[in-house]
Amino acid sequence: MSDLPPASPFRLLRRTLLAWFRKNQRPLPFRESPDAWRVWVSEVMLQQTRVEAMLPRYRAFVTRFPNPGSLAGADEDEVLAAWAGLGYYGRARALHRAARQLAAAGRAIPPDAASLRKLPGVGDYTAAAIASIAFGVPVAAVDGNVRRVLSRLFLVEGYRGRASFEGRIRELADRLMEADDARDPGAWNQALMELGATVCTPSAPRCANCPVREFCWARVAGRQAELPQRRPRPSAVSVCLAMAVVRDQEGRILVFRRGESPMRGLYELPCGEYRSDESAEEALVREAISRYGIHVKPARELAGFRHTVMNRRISVAPFEADLVEPAPGAIGPGGRFVHPRDLDRIPAGSMLRKALQGVGSTP
DNA sequence: GAGGCGTGGTC
DNA sequence: TGACCAAGCCT
């Protein structure tokens, strides 16, 4: 701590950035009111998700579930379906569980970070964000934006997850929150994040437009582009996936519910991986029998596409296929036929939607 | 502390 | 087109 600047530069930095935020913040729906539920939902949706991707889902979600009680009373299927397109479905499941915990205990959303932190899906960042934005608690919310902004402002070396880096960032974030008597804690946390999201971006930071460029040690050193360091990641693995579009006489499509976590609960088309040196059709027949207990006969190859999940590049080969056995009414556990127009009402990942793009509602 | 978990958008 | 990303959490 002793090597940090004295208090007054912190106060000046804070006032400068807060003034910038008040003038330049984006008008976002969850900033319209300090409602804790709306803040909570928005923070969970924003975990690893861009604002632009989240906005339409957010509006629909809080309209359908305007408070924790309404979410607690919903089926998990509906919750997951409402989450479709956002990814990381564990977040939706955790939010659902948390709402049910509060409802079962007959409790409102707790106003302090420590209690919020105990709720499923609420980590250090989200607890601090809700407590500060909705309840005015002066606790620093440290997310990726804040890590990046502070690592540049104060030239902190290292990367996310490294103890020395995290410790230094946390120390700076706490100091800054305390500066200037910790006024407007919610606005301060958002100001830091807003700067990171719109100016102090990961690549090509717009330093010329930065309200606190005079404070930035990395800019003085010309090192803003190389901070923070990125954690080394393994390169992507390529796999092939054959997939069957099977219809019944009414044109409904056969889907199976995934059993294994953490994608459990989402529906998928019958599919199976295959090696690039074998036939997709043969692999599809084999995998359909072993994984779903159905015997299919590939009839027509559909437009293939590429899908990336985490660090797997998946080359997908979809086929229209006939069901040899069993009879459509005797499909095994987890399997069901769904009309294409009802696909939005079942929980499904994006790969299913991609595969069915351009597939009509009649055979 | 590393690894797993989605998606849609950029460059 | 492929790599990299975007307001994390959990194990």
Side-chain angles (χ1 to χ4, degrees), chain A residues 21 25-26 28 30-31 39-58 80 83-95 97-98 116-130 132-133 140-150 158-167 173 186 188-198 200-205 225 228-238 258 260-266 268 305-315 347-354 357:
Chain A
F21 176 68
Q25 65 172 303
R26 294 166 293 178
L28 300 173
F30 47 88
R31 285 177 174 162
V39 172
W40 184 1
V41 172
S42 71
E43 291 301 340
V44 173
M45 282 192 174
L46 283 170
Q47 291 167 9
Q48 302 290 283
T49 305
R50 291 175 187 276
V51 168
E52 311 81 58
M54 158 271 200
L55 281 181
R57 315 271 174 184
Y58 170 80
L80 290 175
W83 207 265
L86 285 170
Y88 286 134
Y89 296 90
R91 297 180 296 173
R93 231 177 257 110
L95 185 62
R97 225 181 319 141
L116 287 163
R117 179 68 178 82
K118 294 175 185 167
L119 294 167
V122 178
D124 289 335
Y125 161 74
T126 304
I130 298 169
S132 63
I133 297 170
V142 179
D143 72 338
N145 284 313
V146 175
R147 287 186 177 85
R148 182 172 60 256
V149 169
L150 295 186
Y159 54 85
R160 168 110 195 244
R162 177 160 288 194
S164 59
F165 178 82
E166 296 293 343
W188 168 247
N189 279 333
Q190 293 185 82
L192 223 35
M193 292 189 279
E194 191 81 349
L195 185 74
T198 63
C200 195
T201 48
S203 60
Q229 292 170 227
R230 279 197 291 274
R231 178 152 53 122
R233 288 187 57 163
S235 52
V237 178
S238 294
R258 284 211 200 180
E260 73 280 14
S261 61
M263 290 284 283
R264 87 194 103 91
L266 299 187
E268 65 183 6
F305 59 94
R306 193 73 70 95
H307 187 77
T308 302
V309 178
M310 304 315 296
N311 70 332
R312 292 157 55 86
R313 280 198 311 275
I314 306 174
S315 297
S350 68
M351 193 156 60
L352 183 144
R353 294 198 304 278
K354 273 193 200 176
Q357 259 180 10

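What you see below is based on every heavy atom in this structure, not just the backbone, and it leaves out hydrogens, waters and symmetry mates. All chains are named by letter (A, B, ...) in the order of the sequence lines, taking the proteins before the strands, and each is independently numbered beginning at 1.
- Contact annotation: A:His307 side-chain N/O to B:dT7 OP1/OP2 distance is under 4.0 Å.
- In this structure, the CH2 atom of A:Trp83 is 14 Å from the P atom of B:dG8, given to the nearest Å.
- Phosphate contact (OP1/OP2 of B:dT7, side-chain N/O of A:Tyr89, threshold under 4.0 Å): present.
- Within the 4.0 angstrom heavy-atom criterion, no nucleotide atom of any strand lies near A:Arg97.
- For A:Leu80 and B:dG6, the CG to C1' distance is 13 Å, given to the nearest whole Å.
- Between the side chain of A:Ser132 and the backbone N or O of A:Ala129 there is at least one donor-acceptor pair closer than 3.5 Å.
- With sequence neighbours excluded, the residues that form a ring pair (Phe, Tyr, Trp, His ring centres under 6.0 Å) with A:Phe30 are A:Tyr58.
- With sequence neighbours left out, the ring pair (Phe, Tyr, Trp, His ring centres under 6.0 Å) criterion links A:Trp188 to no other residue.
- If you find the closest nucleotide of DNA chain B to A:Asn311 and to A:Arg353, the one lying nearer the 5' end belongs to A:Asn311.
- Under 4.0 angstrom from either OP1 or OP2 of B:dG6 there lies no side-chain N or O belonging to A:Ser350.
- A:Leu95 has its CG atom 16 Å from the P atom of C:dG8, to the nearest Å.
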Sub-3.5 Å pairs of nitrogen or oxygen atoms, protein against nucleotides 9-11 of chain C:
| from | atom 1 | to | atom 2 | distance (Å) |
| --- | --- | --- | --- | --- |
| C:dC9 | OP1 | A:Gly123 | N | 2.8 |
| C:dC9 | OP1 | A:Thr126 | N | 3.0 |
| C:dC9 | OP1 | A:Thr126 | OG1 | 2.5 |
| C:dC10 | OP1 | A:Gly121 | N | 2.5 |

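- Checking side-chain atoms of A:Gln25 against main-chain N and O of A:Ala191 turns up no donor-acceptor pair under 3.5 Å.
- When the C1' atom of C:dA6 is taken as reference, atom CZ of A:Arg57 falls 16 Å away, rounded to whole Å.
- Note on A:Leu28: a base of the nucleic acid sits closer than 4.0 angstrom, heavy atoms only.
- Contact check for A:Tyr89 versus A:Pro347: no side-chain heavy atoms found under the 4.5 Å cut-off.
- At whole-Å resolution of the value, CG in A:Leu86 and P in C:dC5 are 21 Å apart.
- Residues A:Tyr125 and A:Gln47 have side chains that never bring a donor and an acceptor to within less than 3.5 angstrom of each other.
- A:Met310 has its CE atom 12 Å from the C1' atom of C:dG8, to the nearest Å.
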Listed pairs, N/O of protein and of nucleotides 2-4 of chain C, under 3.5 Å:
| from | atom 1 | to | atom 2 | distance (Å) |
| --- | --- | --- | --- | --- |
| C:dA3 | OP2 | A:Arg313 | NH1 | 2.8 |

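- The minimum heavy-atom distance between A:Thr201 and A:Arg148, with the atom names listed, is C-NE, 3.6 Å.
- Qualifying side-chain contact (heavy atoms from CB on, under 4.5 Å) partners for A:Leu116, counting only residues two or more places apart in sequence or in other chains: A:Ile109, A:Pro110, A:Leu119, A:Val122, A:Ala127, A:Ile130, A:Ala131.
- In this structure, the CD atom of A:Gln48 is 9 Å from the C1' atom of C:dC5, given to the nearest Å.
- Between A:Met351 and A:Phe305, the closest side-chain pair of non-hydrogen atoms falls below 4.5 Å.
- Counting non-hydrogen atoms under 4.0 angstrom, A:Ala141 reaches nothing in the nucleic acid.
- As rounded to whole Å, 18 Å separates atom P of B:dT7 from atom CE of A:Met54.
- C:dT1 and C:dC5 are spaced 16 Å apart, taking the C1' atom of each and rounding to whole Å.
- In this view, A:Tyr88 and A:Gln48, A:Arg91, A:Met310 satisfy the side-chain contact (heavy atoms from CB on, under 4.5 Å) rule, not counting sequence neighbours.
- Side-chain atoms of A:Thr49 come within donor-acceptor range of the base of B:dG6, with a qualifying N/O pair under 3.5 Å.
- Closest-nucleotide positions on DNA chain B for A:Gly87 and A:Arg162 were compared, and the one nearer the 5' end corresponds to A:Arg162.
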